[in-house]
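Before any comments, here is the structure.
Atom set for the values below is all heavy atoms of this structure, side chains included, hydrogens, waters and symmetry mates excluded. This is a predicted model, so every value here is computed, not measured. Per chain, numbering begins at 1; letters A, B, ... match sequence-line order.
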Amino acid sequence: MAKQNKTAISPTRAEDYPEWYQQVVKAADMAETSAVRGCMVIKPWGYAIWEHIQKNLDNMFKETGHVNAYFPLFIPKSFLEKEAEHVEGFAKECAVVTHHRLEAGPDGGLIPAGELDEPLIVRPTSETIIGATFAKWVQSYRDLPLLINQWANVVRWEMRTRLFLRTAEFLWQEGHTVHATKEEAVEETEKMLGVYATFARDYMAIPVLTGVKTESEKFPGAEKTYCIEAMMQDKKALQAGTSHFLGQNFAKASDIKFLDDQGQLQYGWTTSWGVSTRLIGGLIMTHSDDNGLVLPPRLAPTQIVILPVLHKDGDHGEVLAYCEALAKDLKHTFYGDDPIRVDIDKRDIRGGEKSWGWVKKGVPLRIEVGPRDIAENKIFGARRDEDGKFSMDRDEFVAKAASLLEEIQNGLLTRATTLRDENTVELDSEDAFYDFFTNNAGFVKAHWNGSPVIEEKIKNDLNVTIRCIPLDDTDGEGVCIFSGEKSPRKVIFGKSY
RNA sequence: CGGGCUGUAGCGCAGCGGCUAGCGUACAUCGUUCGGGACGAUGGGGUCGCCGGUUCAAAUCCGGCCAGCCCGACCA
């Protein structure tokens, strides 16, 4: 009561966005830092969200013909050295294993012993080790396309880390494919980008721009990097997924060759694509508010939580039985392809506190059931995406639950889309550009002549980068706002995570 | 990896040479409460991040290391 006007999360987004983010992660009990530098512990609530991301994405990968496999955590140093750009890109952030044994030291401690002939790199990504394997698997054009995915952890020794957004170790999936022709490989790259964009929109309720990275932003060793870019509530861009057309670079480095239908030996054309636990960071920063996490129903570990109102002197049995029956009916209802996920919180703690706990965890619908409701065969509910509560006939609620969840899901997408569109502007002069990014953040669409020198300059001046060259470009040619030279198309600029 | 700040109970913090280390909150028990963060009483919980140095005496001063946060460079 005394705290009625206060928000659950302090500071608020407006007061201190980065700190707010950390507090949301903590308040929702999703993850925490560990004793190991830069590495996080993903707690059950955070991991459950990842499991739903995995499950749905995995289905989409299967539907597009991919199968899962698993490759080693360790990559021989010599493998990483095979592709020049690749080495250069990742060398600065690799964990290196040099020994395979520990021996007792003089002070009772342990010292590494048994030095390896060749150091092993903890994978920062798996192109090279998978390439070496694919070289053995691929002999004939009949072996193609080879469509493989792996769910794994990778390590990139980051200097500056933030839970979910950038950690030294993170979980992801990496798809790796080999194709007989360039066209087919490009098609695959674009297809998987489409899968990511669809997943982001339909499951995460995050609208994304699809596009291509500039030369300076592309994946080390790729011919072309496609990406999905989302706008967070602080108007900064988050790269939420990438899909790479690798040309024949890795095929040549790993010797992936096949005999075509003419009996000619050819190098394969490869792709790779991935999304990571960073998506959870994007989810938080897209939807959450000053009361904590807000989850899109499709990914919420619990979609509806039932909170029995238990008076000390009242009949707990009756209330709980009513809740159990309600939960059972809801679980027999489908939302999307799955039964609604319902939880009853029977913990004996204060109602307000219990309720706030679920607000902070972002559960889409909270239902309170007390003796008064039971007498009238009603429920009392609250939506996470709106203020206020509603009273509803019990059976009517069961019938409407799935459509309510869908309404919340769609509402979140609409809200996020509106925010993005309201903060996307088209500018046609350098002054306007500098003026915008000096005072604001957001997406700016503007003509650019393709020069990396200009990219470098605006990065230094404003900390702004080209997020992507949009795929759905309809603007056509124009004049570069920085150089006055001819520009083939408009590109998207923004500050990024 | 550079610059700044920080590390004391689960969490948030005070104490910054002096003898028994404290407060809020959370936790446990009891009572009164109970439909959006209750109140009272009692109680449990700490090798003051780690290692070393200075000192009669170190949470407190010094050095090194580890971890975190912010700002850069780098990156999903």
Fill in: Chi angles and distances behind the side chain to side chain contact (heavy atoms under 4.5 Å, CB included) call for A:Thr214, A:Ile466
CA-CA 7 Å; A:Thr214 63; A:Ile466 296 176; 3.6 Å; yes

Practice prompt. Can you label the angle between the A:Trp273 ring and the A:Tyr196 ring as parallel, tilted or perpendicular, going by 30° and 60°?
Written response: perpendicular

Discussion item. Evaluate A:Trp151 against A:Asp58 for side chain to side chain donor-acceptor pair (under 3.5 Å), listing each step before the verdict.
Written reply: CA-CA 9 Å; A:Trp151 290 96; A:Asp58 202 61; 2.8 Å; yes

Response to the item:
Any strand, both distances under 3.5 Å, Watson-Crick or G-U wobble: B:rC23 pairs with B:rG12

Practice prompt. Can you tell me the distance, in whole Å, between the CG atom of A:Asn463 and the P atom of B:rC70?
Written response: 15 Å

Worksheet item: Watson-Crick or G-U wobble partner for B:rU29, using a 3.5 Å limit on both distances?
Response: B:rA41

Practice prompt. Flag the pair A:Arg156 / A:Phe170 as yes when at least one side-chain heavy-atom distance between them is below 4.5 Å, and no otherwise.
Written response: yes

Discussion item. Quick check for you: among B:rA76, B:rG35, B:rA73, whose closest atom lies nearest to any side-chain atom of A:Met159?
Written reply: B:rA73

Discussion item. Checking base pairs now: Watson-Crick or wobble, both atom distances under 3.5 Å. What partners B:rG7?
Written reply: B:rC66

Worksheet entry | Phosphate contact (B:rG35 OP1 or OP2) by A:Lys354 side-chain N/O below 4.0 Å | no

Worksheet entry | G-U wobble or Watson-Crick pairing nucleotide for B:rC48 (cut-off 3.5 Å, both distances) | none

Worksheet entry | Atom C1', compared across B:rA67 and B:rU55: separation rounded to whole Å | 29 Å

Practice prompt. Considering only atom C1', compute the distance from B:rG63 to B:rG10 and round it to an integer number of Å.
Written response: 32 Å

Discussion item. Counting the benzene-type ring for Trp, do A:His86 and A:Phe250 have ring centres under 6.0 Å apart?
Written reply: yes

Practice prompt. Examine distances only and state if a side-chain atom of A:Ser288 and a backbone atom of A:Val294 form a donor-acceptor pair shorter than 3.5 Å.
Written response: yes

Response to the item:
A:Gln23 CD to B:rC11 C1', in whole Å, measures 10 Å

Worksheet, complete the sentence: From the candidates B:rC75, B:rC70, B:rG36, the one with an atom nearest any side-chain atom of A:Pro18 is B:rC70

Practice prompt. May I have the distance from A:Glu217 (atom CD) to B:rA76 (atom P), rounded to whole angstrom?
Written response: 8 Å

Response to the item:
Between CZ of A:Arg37 and C1' of B:rC65 the distance, given in whole Å, is 12 Å

Fill in: A:Lys361 NZ to B:rG37 C1', straight-line distance once rounded to whole Å
17 Å

Fill in: Euclidean distance for C1', B:rG35 against B:rC69 (whole angstrom)
40 Å

Worksheet entry | Rounded interatomic separation in angstrom, taking CZ from A:Arg350 and P from B:rU32 | 15 Å

Response to the item:
A:Leu163 CG to B:rA76 P, in whole Å, measures 19 Å

Worksheet entry | Parallel, tilted or perpendicular: rings of A:Trp269 and A:Phe245 (30°, 60°) | parallel

Discussion item. Please pick, from B:rG36, B:rA76, B:rG12, the nucleotide with the shortest atom-to-atom distance to any side-chain atom of A:Arg366.
Written reply: B:rG36

Practice prompt. For nucleotides B:rG24 and B:rC66, find the distance between their C1' atoms and express it as a whole number of Å.
Written response: 29 Å

Worksheet entry | A:Arg160, nearest nucleotide to its side chain (from B:rA76, B:rC70, B:rG37) | B:rC70

Worksheet item: Among B:rC75, B:rC1, B:rA76, which nucleotide sits nearest the side chain of A:Gln239?
Response: B:rA76

Worksheet item: Which nucleotide in the set B:rC1, B:rC69, B:rG37 lies at the smallest distance from any side-chain heavy atom of A:Thr161?
Response: B:rC69

Discussion item. Rounding to an integer number of angstrom, what distance separates B:rU47 and B:rA21 when you compare their C1' atoms?
Written reply: 14 Å

Item to complete: Classify the side chain of A:Lys389 and the base of B:rG35 as holding, or not holding, a donor-acceptor pair under 3.5 Å.
Response: no

Fill in: Whole-Å gap separating C1' (B:rA26) and NZ (A:Lys26)
13 Å

Practice prompt. Could you let me know what B:rG18 is paired to, Watson-Crick or G-U wobble, both distances under 3.5 Å, or none if it's on its own?
Written response: B:rC56

Worksheet item: Given the C1' atoms of B:rG17 and B:rC75, what is the spacing between them in whole Å?
Response: 46 Å

Worksheet item: Taking for each residue the nucleotide of RNA chain B with the nearest heavy atom, is it A:Lys360 or A:Thr33 whose nucleotide lies nearer the 5' end?
Response: A:Lys360

Worksheet item: If each of A:Ile379 and A:Thr277 is mapped to the nucleotide of RNA chain B with the nearest heavy atom, which maps nearer the 5' terminus, i.e. the 5' end?
Response: A:Ile379

Worksheet item: Within less than 4.0 Å of OP1 or OP2 of B:rC74, is there a side-chain N or O belonging to A:Lys459?
Response: yes

Worksheet item: Across all strands, who's sitting opposite B:rG2 as a Watson-Crick or G-U wobble pair, both distances under 3.5 Å?
Response: B:rC71

Worksheet item: What interatomic distance, in whole Å, is found between C1' of B:rG18 and the corresponding atom of B:rC61?
Response: 14 Å

